[in-house]
2 protein chains.
Amino acid sequence: MSSEALKRASTLEDVARVAGVSRATVSRVINGVRNVDPAIQEAVRQAIARTGYVPNSAARSLVTRRTGALALVISGSDAPETPDHHVGGEIFADPFFGRVVSGVFTGLRPLDLHPVLMLADSAEARDKALTYLRQGNADGAMVVSTHSRDPLPAQLLAAGIPTVLFGRPPTPLSLSCVDLDNREGGRIAADHLHARGRHRVAAISGPLGVRAARDRLSGFREAMADHGIHQLPHVEGDFTREDGERAMASLLRRYPDLDGVFAANDLMAQGALAVLAEHRRRVPEDIAVIGFDDSSAATAGRPHLTTVRQPVEEMAAEMTRVLLDHLARPGRAATTVLFEPTLIERQSA
Amino acid sequence: MSSEALKRASTLEDVARVAGVSRATVSRVINGVRNVDPAIQEAVRQAIARTGYVPNSAARSLVTRRTGALALVISGSDAPETPDHHVGGEIFADPFFGRVVSGVFTGLRPLDLHPVLMLADSAEARDKALTYLRQGNADGAMVVSTHSRDPLPAQLLAAGIPTVLFGRPPTPLSLSCVDLDNREGGRIAADHLHARGRHRVAAISGPLGVRAARDRLSGFREAMADHGIHQLPHVEGDFTREDGERAMASLLRRYPDLDGVFAANDLMAQGALAVLAEHRRRVPEDIAVIGFDDSSAATAGRPHLTTVRQPVEEMAAEMTRVLLDHLARPGRAATTVLFEPTLIERQSA
DNA sequence: ACGCGCTGGGAGAGCGCTCTCCGAGCGTGC
DNA sequence: GCACGCTCGGAGAGCGCTCTCCCAGCGCGT
């Protein structure tokens, strides 16, 4: 065992020698390309087993120009430099992240591909990620880009790296993307609140630098306007639970008679719920709360959140599929896949 | 721009020709090895800029035997095959996962290394991961192995792949690992509950196939026994919120006069809290609840959870550092870094 | 003036694989 | 019986880089 571990790893050459054939033949057997005489195949397989041969993927990548890795880039707005805090803490704590990862794995499962994670939360990190990709460390990139001003998608496009985005960029690029019809999601929330007879409603939006946040808010506003409600208190949040608490508290202070709240994600809705509980407001009797995402946060507390579902896993899986398709057919034109939000009615509204 | 994109990527050779030097010199400049005449250095830099040269990492890996990637393997017990469900959904939904990722990034931040994610939740996936690692796709592996019977750590050891574990294996292997003193954590929970005057307590443990879960429970039991409490209702959970709800409901049914509960993680504690709220039990007045982890779930609902803190981010960062150290000094002996749990006192107990 | 050490650039041998050619061997059709 | 095509193995040329040699040139000591 230890003597095996010490000597250098066996190569194609070794296998070929043991099997009494050429390197090319061994390669053919391994890659299942062209017909190879069954007897020889068997001999090669035995030689592989005997030598404990494992192909070296660097050597293979060098010639095939494929790495077997796909980058999953989380490209956020620049994170504040809080030295005592951990890198990307807030991003990774959001259930959204886990759902994306889960969806990516679902899309990748049948294949021999693995996602390499990159965090591009600063100009420096972004450059590093770009360099990494340029060096050919991954065959393509999936980018969850939150902020509108994020230059990364355009840079990837310019660098000729196969890329698919989660979320449409603010200005159309010829890159494929998957996204939710966020505006429609906002409308759904508004319609539901209105149908429940709520007229003194407010919104806790996400950061307005994020397109999805803007779209949800404007959809909500539009639909409310359609219902004759033009006065709409609004607080901008940052998608964290803490900020949802802060926003709800502020809203409650300024508009004590609110009877409905739309939060742009479940985490903030959950924060709102906690603050409402502290203020002894009954949900949904006194005030209805509707969230967005249908993440695990929706059913974490009581009451369970009524929410606008964003099928993140499906979207991430689709993003992966689209990227694989681009890899398989390099010429393919960029496509946009838009998912439809749906209302998940639970207890809070 | 497009003409740039079309022609093949420039190589060291191209840069060398443009700069009027040899490949070796360009390589030296890029890697900053040995002295190179400043004038030549400058010429090389210009040539690099002019040609838009980016080193090909496959070629580099082939000779250096380094890839610049570290595997982060989530090796769980075999996941049930639920076709409609998404891969690893539960694992990735757990805040624990995000915290590990965050810690890994913290440990990796200054370096040009990226984590590649692998999910080994079935024998097949485990084999794939092992093969991937054997092929040299990553320089080393960090393994979050939950289940006791997981053969992966031993396999990695046998394959000679530099590996660090999050969580000690059931039988000691000569692999480095970082872990929490879970037994002590259980004791801390018990001591606190006892100090609060709770005598009719129960435990919601994690899956007993997981060493950490067993240790937390036995530490809790031991300390309770020290306090003269030998009768200890116990329900085994699976670390999910839903299971925490189920466990709490079952406990409440069987032992209606409980005045204290220890849950082996915050997610289950959160579930317990929700069920207690539904049963109109006041926390902590009627029944005290203490969680474990100090994850974001601890402050998600109301009341905030009193919990035993596990510094997951620090542990993951340390795991990364230990792996890097093993990579830098191949001969290094395996070490175990044990972290101490601390009590975080909030409202629930 | 000569030798010696030292600095710094060039040549070239790989690293381990894939893949295009080439050619041997065999079967087939007329 | 011969030309032709077809199948399948081997030879060998790279893929783009690193790194060990080797050697030219220079400064220094004697």
Side-chain angles (χ1 to χ4, degrees), chain A residues 7-45 47-48 51-69 112 131-139, chain B residues 7-45 47-48 51-69 112 131-139:
Chain A
K7 74 179 176 201
R8 87 181 192 335
S10 50
T11 70
L12 255 201
E13 189 75 52
D14 300 327
V15 178
R17 200 179 322 109
V18 170
V21 297
S22 73
R23 270 200 330 274
T25 300
V26 179
S27 177
R28 282 177 191 128
V29 171
I30 288 171
N31 298 305
V33 62
R34 277 195 17 185
N35 274 356
V36 175
D37 187 280
I40 294 187
Q41 270 194 46
E42 187 48 34
V44 169
R45 290 197 196 294
I48 289 176
T51 52
Y53 171 72
V54 178
N56 175 312
S57 46
R60 179 177 285 176
S61 295
L62 184 55
V63 30
T64 59
R65 273 132 207 301
R66 280 304 184 93
T67 64
D112 271 328
T131 300
Y132 188 83
L133 256 10
R134 272 227 188 77
Q135 294 178 336
N137 282 296
D139 299 330
Chain B
K7 76 181 176 198
R8 89 183 193 330
S10 50
T11 70
L12 254 202
E13 189 75 51
D14 301 326
V15 177
R17 201 179 321 110
V18 170
V21 297
S22 74
R23 270 201 330 273
T25 300
V26 179
S27 177
R28 282 176 191 128
V29 170
I30 289 171
N31 298 307
V33 63
R34 278 196 16 185
N35 274 356
V36 175
D37 188 279
I40 294 187
Q41 270 194 48
E42 187 48 33
V44 169
R45 290 197 196 294
I48 288 175
T51 52
Y53 171 73
V54 178
N56 175 312
S57 47
R60 179 176 285 176
S61 295
L62 184 55
V63 31
T64 60
R65 273 131 207 301
R66 279 302 184 94
T67 64
D112 271 328
T131 300
Y132 187 83
L133 257 11
R134 272 228 187 78
Q135 294 178 335
N137 282 295
D139 299 330

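Letters A, B, ... mirror the listed sequences (proteins, then strands); counts begin at 1.
The two atoms that bring Ile30(A) and Tyr53(A) nearest to each other are CD1-CE2, 3.4 Å, heavy atoms only. Taking each heavy atom of Val44(A) and Val15(A) in turn, the nearest pair found is O-CG1, 4.2 Å. In terms of heavy-atom proximity, Ala58(A) sits nearest to Leu62(B) at CB-N, 3.8 Å. Across all their heavy atoms, Val26(A) and Val21(A) have their closest contact at CG2-CG2, 3.7 Å. Residues Val18(B) and Ala47(B) approach most closely at CG1-CB, 3.7 Å, considering heavy atoms. Scanning both residues, Val29(A) and Arg45(A), for their nearest heavy atoms gives CG1-NH1, 3.8 Å.
Only at 4.0 angstrom or more do the heavy atoms of residues 35-44 of chain A sit from any atom of DNA chain C, so none qualifies. If you check residues 23-33 of chain B against DNA chain D, the residues with a heavy atom closer than 4.0 Å are Arg23(B), Ala24(B), Ser27(B), Arg28(B), Asn31(B), listed by number.
Here the side chains of Asn56(A) and Thr11(A) are not in contact, with every heavy-atom distance at 4.5 Å or above.
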Steps toward side-chain contact (heavy atoms from CB on, under 4.5 Å) verdict (Arg28(B), Ile40(B)): CA-CA 11 Å; Arg28(B) 282 176 191 128; Ile40(B) 294 187; over 6 Å; no
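The CG atom of Leu12(A) lies 8.0 Å from the CD1 atom of Ile48(A); values are rounded to the nearest 0.5 Å. Of the inter-residue distances, the one linking Gln135(B) atom CD with Asp112(A) atom CG reads 7.5 Å to the nearest 0.5 angstrom.
With a cutoff of under 4.0 Å to any heavy atom of chain B, the contacted region of DNA chain C is bounded 5' to 3' by dG8(C) to dG16(C).
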